[in-house]
Amino acid sequence: MMTDARTSGSLLAMSGLRSGYGGKPVLQGVELTVEQGTIAAVIGRNGVGKSTLMKTLIGLLPAMDGAVTFEGRDISGLKPHQRAHLGIGYVPQGREVFPRMTVEENLKVGEMIHGAKKPADYDRVYDFFPILRERRKQRAGTMSGGQQQQLAIGRVLVGSPSLILLDEPSEGIQPSIVQEIARIVVELNRSMGITIVFVEQNLEMIRAMARHCYVMDKGRIVTEVAPEQLNDRETVRRYLAV
Amino acid sequence: MLAKANKLLNGPQTIGRGPAFWTGFVIVVLAAAAYPSFTDGWTVGNTVYFFNWIFMALGLSLIWGYGGALSFGQTAFFGLAGYAYGILTLNYGSDYGFTILAVVIAVAISAVFAAVLGYFLFFGRISGVFLGIVTLSVTLVFERFMAQTAGPEWRIGDARLNGFNGMTGMPPLTIPWFGGDIVLFPDVQLYYVILALLVVVYLGLRILVNSRFGNVLVAIRENPERAEMLGYDVRKYQLIAFIIGSSLAGLSGVLYTSWGQYITPSSMGLTAAALPVVWVAVGGRSDLTATLVGTFAVLSVFQTLTIYGSQYALVVMGALLVVVVLFAPQGLIPGIAGLSRRLRGAR
Amino acid sequence: MEILSALFAFLYQAGDAFAFLVLAACGLAIIFGMMGVINLAHGEFIMCGAYVTVFAVRAGLPLPLGIACGTLAAGLVGILLELLVVRHLYNRPLDTIVATWGISLIATQGVLILLGSTMRGVGTPLSSFTFGDYSYSQYRLVLMAAAVVVLVLLYLIFNKTRFGVHARATIQVPHMAEALGVNTRLIYCLTFGLGSALAGLTGGLYAPTMTMVPSMGATFIMEAFVTVVVGGADVFLGTAPAAAVLGVIKAAMTSWQGQLAGQISMLIAVIIVIRVLPNGISGWLLRERG
Amino acid sequence: QSPVKIGVLEDQSGEFAAATLPKVHGIELATEEINKAGGIAGRKIELVVYDTQSDNTRYQEMMRRVLQRDKVDVVFAGFSSASREAYRPIVNQFNGLAFYNNQYEGGVCDANMIVTGAVPEQQFSTLIPWMMEKYGKKVYTIAADYNFGQISAEWVRQIVKENGGEMVGEEFIPLGVSQFSQTIQNIQRVKPDILMTLLVGTAQASYYEQAAAANLKVPMGSSVNVGQGYEHKRFTPPSLANMHVTTNYIEEVDTPESKAFISKWRAKYPNEPYINQEAENSYHAIYLYKQMVERAGSTDREKIRGVIAKGDVCVDAPEGKVCIDPKSQHASHTIYLAQVGADHSITFPKVWNDIKPYWLGDAGCDLTKSDPSAQYTPSNPPPKG
Amino acid sequence: MTALLQTIDLNKRFGGLRVTNNVNFELDEGEVHCLIGPNGAGKSTLFRLFLGEHSPSSGRILYAGEDITHLKPFQRIRKGISVKFQVPGIFAALSVRQNLTIALQHHLEGASLDEEIARLLEFLRLTASADMQAASLSHGQKQWLEIGMAISLKPRLLLLDEPTAGMSPDETYETGEMVRALNADGVTVLAVEHDMAFVRQIAQRVTVLHFGQIFAQGTVAEITANDAVAEIYFGHVDHDD
Ligand SMILES: Nc1ncnc2c1ncn2[C@@H]1O[C@H](COP(=O)(O)OP(=O)(O)OP(=O)(O)O)[C@@H](O)[C@H]1O
Ligand SMILES: Nc1ncnc2c1ncn2[C@@H]1O[C@H](COP(=O)(O)OP(=O)(O)OP(=O)(O)O)[C@@H](O)[C@H]1O
Ligand SMILES: [Mg+2]
Ligand SMILES: [Mg+2]
């Protein structure tokens with residue numbers, strides 16, 4: 001567990017966050033606070049800016065306006081690798097594994113989270129995703145879609161991040177492993193206090209994992225719903241219907 | 001019919017559309033037509049010389065800019081057609097406008113060779129840098145081979161290949177005319193012929209790239225797998241583009257040869273092979289207009305530098321290239337277009 | 001003895017061609033093969049290494065130290081260029097053709113203006129040895145050994161070190177490497193610097209055997225590109241076998257039919273190899289490995 | 001009075017710059033001297049200089065420019081034979097007059113051209129018999145694989161045969177080749193008495209260093225080294241040791257005329273790496289032209305050719321007396337045999353005076369009668385008749 | 001014979017790995033068939049074999065009774081097969097409109113082409129983004145665009161590899177309705193999916209692939225009730241919503 005002072009405070013906070021592509025903002029002023037040690041889901045329709053938010057948090061997109069604070073420190077000006085060194089892990093939408101490197105080498109890159117200050121824990125990752133152990137020497141580009149997704153998740157776990165940003169982790173994964181991932185995430189959160197922010201469409205997974213669920217629309221967080229409420233078709237319609 | 005032509009001329013694959021652009025186009029063509037009356041003989045002949053190269057650049061724009069296949073071998077076709085013209089005219093003379101026929105045959109020869117080479121390349125699924133290196137190798141094989149044909153045994157009919165020193169003595173273009181052929185030395189008459197040819201080729205290519213064919217070509221550039229999965233025979237389209245582009249290189253070669261009555265293996269060497277790539281990349285490869293204007297601009301700027309820059313010319317040229325690439329990522333012409341749009345927008 | 005002498009002669013020639021191809025290509029294998037930067041100024045890095053080596057030796061340093069200076073100088077120039085120019089072009093590899101062509105023009109002509117059209121060389125060290133009917137230069141054996149050492153070192157650097165893994169990750173999916181904590185700017189810079197330094201090393205090694213002129217790099221560039229491309233995407237599984245294949249073909253054809261045949265046969269071998277293996281030799285070696 | 005305009009197209013950058021820069025200087029030096037002394041028939045000389053960048057297409061562009069726009073009276077142009085062939089059609093088209101001041105493979109029979117460089121019959125008919133007498137009869141040639149090398153090799157072959165020698169090998173090297181291990185081995189195999197090296201360009205010059213490193217010590221002969229590329233100055237001794245070159249001039253020539261010339265040169269260009277034969281050719285070519293114009297009373301090409309046809313256009317050049325042969329419009333020369341020592345010092349074991357460019361005239365080229373505007377070789381001579 | 005697509009002893013090996021293992025699969029004309037199975041079971045590989053992107057190590061593929069094993073991919077497409085890949089394959093630098101044009105120009109031109117594009121854009125909810133570069137669409141939008149291109153070909157057989165990945169439940173539902181509508185028009189559909197709600201919505205038959213072999217086949221109900229399938233694929237909790 002982390003120190004007490006931190007457990008109670010907010011780990012990650014966004015205020016008035018705006019960012020986008022080619023001068024056109026997609027995020028229109030995101031306000032969100034994520035508590036240390038929580039699991040927060042972001043949901044919303046296609047194209048509202050969920051992935052844009054994740055990219056802005058890790059720094060792949062520069063913020064046009066507003067601020068991101070992490071552990072009480074403004075990180076808006078930091079480069080992605082500097083943010084990673086503070087312990088933020090990012091699993092992008094669409095996997096983005098290093099295709100011409102082996103599975104093992106892909107995992108190796110993940111060691112740099114925390115600036116490689118923490119010992120890398122391969123065994124844990126291999127235990128979570130046995131296929132990765134089996135295919136250690138296969139080139140990542142030739143793995144199946146779901147296998148790549150597992151690799152992308154495993155890759156950040158190697159570096160023991162203190163915050164993980166997950167963009168649609170269940171995409172392309174078979175149901176039993178979706179459940180497994182949900183279980184793993186909750187377990188990591190519980191045993192190591194890792195904070196998780198994830199974007200997801202799979203309501204079941206949200207229900208299984210999330211403690212908070214934020215709805216995004218047109219580049220803003222418009223409301224919070226309780227994860228249990230997602231059982232309710234009407235709620236879902238309201239926030240996610242097209 | 002007219003609507004269709006209009007659509008093809010103004011399609012999504014080319015920049016510049018609408019009345020403003022075409023008014024500009026007409027003005028430029030008219031200005032070009034009037035130009036010889038305002039300038040001296042050297043400038044006219046020299047402008048023709050620049051025009052000669054543009055066909056090759058346009059061809060590369062088609063193959064590379066639109067089709068996504070970087071050919072480093074434009075000069076192979078340039079040289080092939082140039083030599084073919086020389087051999088034909090040295091053997092059969094230039095009477096009765098034979099030179100025009102020789103142009104046609106020479107370009108056809110380069111088209112046939114492009115078809116054979118292109119078949120070998122595209123049907124062998126060679127792509128990317130591999131394509132670049134194979135085409136470069138082909139042109140270098142030509143160069144090395146032609147360079148050693150100095151001996152008297154290397155002759156075809158009356159035409160001696162003459163090794164590295166190059167082939168000379170071929171006649172300039174002639175047009176059969178009542179009361180004697182018109183000989184097109186690099187002068188006003190040749191200027192108009194080439195200008196007309198350039199306008200025709202430019203418009204023709206514009207129509208081509210905005211047609212269904214052009215759509216498929218850019219699709220292949222973007223994602224050949226997807227294009228194939230939409231039912232297009234990727235290899236065939238690439239081959240056709242390659243043949244057309246290479247024939248245009250052949251046309252440049254013939255025009256160059258007849259212009260200076262000279263063709264040499266070094267026209268197919270490493271430096272020569274890199275030049276079209278540089279012109280096209282600097283101008284803006286994925287647009288015909290940009291390529292045309294860019295090539296002309298690069299040629300004139302480089303020549304001007306050579307004239308006035310003394311030994312610093314090459315240094316300045318190099319610096320210009322670096323600067324253009326850094327500050328106009330889309331190429332010079334789209335870069336300028338974008339800048340002016342932004343300036344207008346800012347106002 | 002006749003046969004032994006002829007056999008040694010052939011091996012020596014093939015080894016000589018191999019060394020030339022490997023050393024010409026190794027810097028490019030990184031800059032082009034790995035980073036995708038089509039570096040037409042590769043020859044000028046070689047020239048830089050050669051010139052600095054010659055200056056250093058003339059200033060009194062022993063040749064190996066001179067070569068080290070040449071390597072270092074080319075590496076530093078590479079890093080500088082990376083910072084100023086190449087850095088901005090990673091996502092536009094084709095534009096690197098133009099930029100590096102420009103750099104090459106500046107370098108060649110700049111050196112011509114500054115240092116004159118030619119310079120006195122340093123002379124080949126070591127002496128000759130005789131085997132059978134022929135006498136050979138010992139220094140050429142050093143070149144062959146250097147080629148092998150460079151290959152082994154590169155293999156180790158890129159496959160066994162953290163830097164190597166990070167470099168490959170950066171080159172394949174840069175933004176992801178960055179997001180995982182790799183300082184990609186630094187990696188790019190160092191990788192480019194390494195490639196340039198290797199070119200400089202080649203220049204330094206060959207400086208004692210060649211005439212020193214600003215355009216000397218041009219004699220390497222064609223061979224370098226051909227070797228890298230025939231090798232294919234994987235630098236180390238590619239460059240070495242490609243150099244071996246091309247080296248043997250070139251040596252055999254040269255001794256049988258002369259230099260022109262050697263050159264042309266090498267180019268034709270390139271065309272054929274690529275036709276048969278459209279992804280280069282390493283693409284073929286890796287095809288089934290998954 | 002309007003000046004006499006002389007166009008100068010030489011490669012001041014690129015591959016050939018090393019050998020060509022002194023040519024420009026030679027022209028400038030002569031021009032300065034003549035202008036100081038009152039010019040050509042009272043008219044000052046004005047130079048129009050362009051850098052052709054060792055690029056044939058630049059010759060085409062710039063030759064048209066000097067003739068058509070700058071309207072020069074005469075052009076001094078070209079280093080490589082290819083560049084000469086590139087501009088020759090243009091000179092013919094505009095009926096201009098061009099000086100080619102370069103040692104070359106010979107054979108250009110063209111009324112628009114005046115050649116002041118040495119040609120094979122001048123260099124080989126002197127060098128080869130001398131060397132065969134001294135070293136032996138077995139000759140091996142390595143030559144650049146293009147016109148210059150091939151035609152020169154043809155000359156070597158012919159002269160070796162005429163003098164009762166034997167060719168034991170011939171090898172042609174493509175331009176740009178810089179690695180010679182195989183060639184060195186081939187030479188060792190046949191053990192020639194004499195090695196003729198007709199290599200061209202900076203890449204091929206690497207041969208000497210590599211041959212020396214492999215301990216190949218056959219006496220060498222050449223028509224291009226030393227005189228053109230001053231390799232004995234650029235290479236580390238003893239890589240060029242035992243090289244023999246026939247040249248019409250190099251800065252080591254130890255005559256009072258030569259010494260005076262060198263001191264004038266050094267005063268103007270103290271940093272010149274070397275004053276080679278092409279530099280001297282270019283220098284005295286200006287004086288030849290001056291004499292022609294003054295005697296013709298005009299810069300008109302036909303009038304000038306009328307003067308040449310008299311057969312007595314001669315100047316006293318730093319090398320000695322130089323005259324223009326009316327049939328071929330080539331120059332006669334003093335030929336120095338330069339021998340390179342182990343420390344790369346030069347000695348001159350023999351000097352031939354007034355060697356004529358006889359071959360073209362003997363073979364049937366007579367520009368006083370007709371102008372074929374062609375280039376011939378021994379195996380492709382002018383048509384008889 | 002009603003089989004539109006049939007494989008006979010189909011095998012595919014990558015090095016030592018047998019990814020497709022003696023598959024004898026039949027797809028009936030007119031049905032909507034779902035292919036499910038664990039990650040790495042070989043579903044996408046099977047698709048690539050159908051399309052000719054991979055050539056089989058052994059075995060044959062028949063389409064409408066004709067042996068297409070050795071046809072080139074584009075030739076198969078021309079016979080009426082169309083596909084949406086797992087990883088969206090679009091023409092990134094071209095506008096959304098051009099992407100669709102390229103797919104539609106096979107059988108349409110002029111005004112009717114423009115009309116059809118407008119209709120499709122509306123349908124795909126991409127009207128507002130019509131002139132944007134396809135590269136700048138969000139992940140879900142790219143999926144839509146690719147589906148649009150696939151159906152533009154008016155295929156007889158439509159292959160969909162994870163068409164709803166990254167879509168919200170509602171969008172998934174709509175995609176399902178679209179598939180059913182196409183099927184009603186006579187298009188045969190073969191879809192790979194991990195989203196069981198979607199499978200339930202559209203599938204008339206389901207095939208489970210495991211280690212490159214057909215593991216089970218049947219209706220959705222049969223498959224979900226199959227314990228062995230639950231073991232390898234669904235996991236323990238079954239659910240309903
Ligand atoms: N590279 C880009 N360039 C320009 N615009 C972009 C780019 N990427 C995304 N956009 C635009 O930004 C908006 C938000 O995209 P984003 O990827 O954040 O959506 P999302 O909420 O993650 O959707 P999905 O659920 O489909 O992944 C979209 O309208 C998209 O068109
Ligand atoms: N080129 C290749 N080399 C080696 N193995 C490969 C190659 N391509 C695929 N594989 C392996 O084949 C197996 C099947 O992959 P495939 O992509 O068909 O799976 P899938 O069923 O589509 O899985 P998913 O649901 O995860 O998309 C995987 O184990 C994969 O790693
Ligand atoms: Mg997204
Ligand atoms: Mg799959």
Asker: Is atom CZ of A:R100 surrounded by more than 12 heavy atoms (other residues, nucleotides or ligands) closer than 6.0 Å?
Answerer: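 Result for CZ/A:R100: open.
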
Asker: Any side-chain heavy-atom pair from A:M101 and C:Q172 closer than 4.5 angstrom?
Answerer: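 SC-SC contact between A:M101 and C:Q172 confirmed.
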
Asker: So C:H175 and A:P80, do their side chains get closer than 4.5 Å, heavy atoms only?
Answerer: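 In short, these two side chains do not touch, never coming nearer than 4.5 Å.
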
Asker: Before accepting this row, confirm whether a basic side-chain N of the pair C:E178/A:K79 lies closer than 4.0 Å to the acidic partner's carboxylate O.
Answerer: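 Answer for the salt bridge query: no.
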
Asker: A:M112 and C:L180: side-chain contact (heavy atoms from CB on, under 4.5 Å), yes or no, with the steps?
Answerer: CA-CA 6 Å; A:M112 284 310 285; C:L180 289 170; 5.8 Å; no

Asker: Got A:F98 and C:R168 here, is their nearest side-chain heavy-atom distance under 4.5 Å?
Answerer: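 A:F98 vs C:R168: side chains apart.
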
Asker: For residues C:R185 and A:H81, determine if any side-chain heavy atom of one lies less than 4.5 Å from a side-chain heavy atom of the other.
Answerer: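 In short, these two side chains do not touch, never coming nearer than 4.5 Å.
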
Asker: Would you compute the distance between atom CD of A:Q82 and atom CG of C:N183 and round it to the nearest 0.5 angstrom?
Answerer: 7.5 Å

Asker: Can you tell which of A:R155, A:R83, A:K108, A:H85 has the highest number of heavy-atom pairs within less than 4.5 Å of chain C?
Answerer: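 Going by pairs under 4.5 Å, I would pick A:R155.
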
Asker: Looking at C:Y155, I'd like to know if its OH atom is crowded, meaning that more than 12 non-hydrogen atoms belonging to other residues, nucleotides or ligands lie closer than 6.0 Å.
Answerer: no

Asker: Which bit of A:L60 is near chain C, if near means a heavy-atom gap under 4.5 Å: side chain, backbone, both or neither?
Answerer: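 For A:L60, the side chain is the part near chain C, not the backbone.
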
Asker: Donor-acceptor pair, distance only, cut-off 3.5 Å: does the side chain of C:H166 make one with the backbone of A:V109?
Answerer: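 No, C:H166 side chain to A:V109 backbone: no donor-acceptor pair under 3.5 Å.
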
